Undergrad: 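Starting off with a structure, shown below.
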Protein chains: 2
Amino acid sequence: MCVLALLARQDGYAYDIASRLAEAIGMGEGTIYPLMRRMQGDGLVTTYLEESSSGPPRKYYQLTKAGRAALIAQKADWTDFTASVARILTDAKPARIVGGVT
Amino acid sequence: MCVLALLARQDGYAYDIASRLAEAIGMGEGTIYPLMRRMQGDGLVTTYLEESSSGPPRKYYQLTKAGRAALIAQKADWTDFTASVARILTDAKPARIVGGVT
DNA sequence: CATGGTACCTTGTTAAACAAGGTAGTGGCC
DNA sequence: GGCCACTACCTTGTTTAACAAGGTACCATG
């Protein structure tokens, strides 16, 4: 979801995304590449190559329509999920079922 | 963390905790029992048996001091983590490193 | 021409959730 | 008395995905 969110802003390449997410939530490089591959397999992103002056060519990822839809759905799930958890943490009185996070 | 939070309110037994968390966040029974075992191994909970009129005896779990400390730490981590994710979702400009969720 | 940064990728290990199934106690129903 | 349903415990096998570690290659600088 975070990757989708970053790509929703603008196209990006794995190394950069990995660096940002490493800093933000401690995600490692070894996680991002298989993930991008999965997302591409799921039709959430497409790729194109672009030369870089500072190293090898970058593989940019771009959200597809399905990717944007997935982001919206995942955000909704995430919101529900965190709300449920918050309810447990404060109330300890859980409520309704969370949809897709299951 | 959710289990610890529930137990912080009052002692509970796995079957009941599982039911609550199944309803709230879709957690299955097959998840809770190994989890309780792990937590006991980590010294976060202790157990005692209590007869029940509606079936076999219940194994109640009680938070230890370490368990209460773990809950506090995990809550802090969770708060930081969700804040970071929220920042990514809105800004797409991640910030500081999250501690223990790594 | 070696080092360090950029950027790609794979492989093996491990953690943990999940589905499914198995055991056993209690009570109610026919 | 036999059977079913509910409670409550637990285990086992499968799958998923993160992670650590390592490998390749490009480019610039000293």
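Everything numeric here is computed off the predicted structure, so don't read it as measured data. Below, chain A is the first sequence line, B the second, and so on; all start at residue 1.
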Undergrad: Any donor-acceptor pair, under 3.5 Å, between the side chain of E29(A) and the base of dC19(D), if you only look at N and O atoms?
TA: no
Undergrad: Go ahead and write out DNA chain C as dot-bracket, 5' to 3': ( ) for pairs within the strand, [ ] for ones crossing earlier pairs, | when the partner sits on another strand, dots for unpaired; Watson-Crick or G-U wobble, both distances under 3.5 Å.
TA: ||||||||||||||.|||||||||||||||
Undergrad: Does L7(A) form a side-chain contact (heavy atoms from CB on, under 4.5 Å) with L44(A)? I'd like the steps, not just the answer.
TA: CA-CA 11 Å; L7(A) 292 180; L44(A) 306 184; over 6 Å; no
Undergrad: Relative to the 5' end of DNA chain C, which residue comes earlier, S52(B) or G30(B), by the nucleotide with the nearest heavy atom?
TA: G30(B)
Undergrad: Closest nucleotide of DNA chain D for T31(A) versus for S53(A): which of these residues is on the 5' side?
TA: T31(A)
Undergrad: Strictly below 4.0 Å: does S54(B) bring a side-chain N or O up to OP1 or OP2 of dA8(D)?
TA: yes
Undergrad: Is there a side-chain contact (heavy atoms from CB on, under 4.5 Å) between D11(A) and L63(A) once you walk through the steps?
TA: CA-CA 7 Å; D11(A) 299 359; L63(A) 275 194; over 6 Å; no
Undergrad: Quick one: D11(B) CG to dA8(D) C1', roughly how many Å, whole number?
TA: 17 Å
Undergrad: Tell me whether D42(B) is salt-bridged to R38(B), with the criterion being a basic N under 4.0 Å from an acidic carboxylate O.
TA: no
Undergrad: Would you say Y13(B) reaches dC9(D)'s phosphate, i.e. side-chain N/O to OP1/OP2 under 4.0 Å?
TA: no
Undergrad: Could you check how far OH of Y48(A) sits from P of dA7(C), rounded to whole Å?
TA: 14 Å
Undergrad: Can you measure Y15(B) atom OH to dT23(C) atom P for me and round it to whole angstrom units?
TA: 18 Å
Undergrad: Could you give me the CA-CA distance, side-chain angles and deciding distance for M36(B) and M39(B), then say whether side-chain contact (heavy atoms from CB on, under 4.5 Å) is met?
TA: CA-CA 5 Å; M36(B) 299 314 288; M39(B) 296 206 310; 3.8 Å; yes
Undergrad: Once you round it to whole Å, what is the distance between P of dA7(C) and CZ of R20(A)?
TA: 12 Å
Undergrad: Between R38(A) (CZ) and dT10(C) (P), how many Å, whole number?
TA: 13 Å
Undergrad: Testing the basics here: between A8(B) and L71(B), what is the closest heavy-atom pair and its distance to 0.1 Å?
TA: CB-CD2, 3.7 Å
Undergrad: Under 4.0 Å, counting only non-hydrogen atoms across every strand here, what does G28(B) touch: a base, just sugar-phosphate, or nothing?
TA: sugar-phosphate
Undergrad: For dC9(D), does either OP1 or OP2 sit under 4.0 Å from a side-chain N or O belonging to Y33(B)?
TA: yes
Undergrad: Rounded to whole angstroms, how far apart are CG on L35(A) and P on dC19(D)?
TA: 11 Å
Undergrad: Could you check how far CE of M39(B) sits from C1' of dA16(C), rounded to whole Å?
TA: 14 Å
Undergrad: For residues A24(A) and S84(B), report the shortest heavy-atom separation together with the two atoms involved.
TA: O-OG, 3.7 Å
Undergrad: Should the pair Y13(A) and Y60(A) be assigned to parallel (<30°), tilted (30 to 60°) or perpendicular (>60°) ring geometry?
TA: perpendicular
Undergrad: Taking the side chain of P56(A) as heavy atoms from C-beta outward, which of dC9(D), dA25(D), dT10(C) is closest to it?
TA: dA25(D)
Undergrad: Closest-nucleotide mapping onto DNA chain C: is R58(A) or P34(A) further toward the 5' terminus? I mean the 5' end.
TA: R58(A)
Undergrad: Before giving the answer on side-chain contact (heavy atoms from CB on, under 4.5 Å), spell out for I32(B) and Y15(B) the whole-Å C-alpha distance, their side-chain angles and the decisive distance to 0.1 Å.
TA: CA-CA 8 Å; I32(B) 196 77; Y15(B) 184 80; over 6 Å; no
Undergrad: Does a side-chain N or O of R37(A) approach OP1 or OP2 of dT10(C) to a distance below 4.0 Å, or not?
TA: yes
Undergrad: Roughly, in whole Å, what's the span from CG in L49(B) to C1' in dT7(D)?
TA: 15 Å
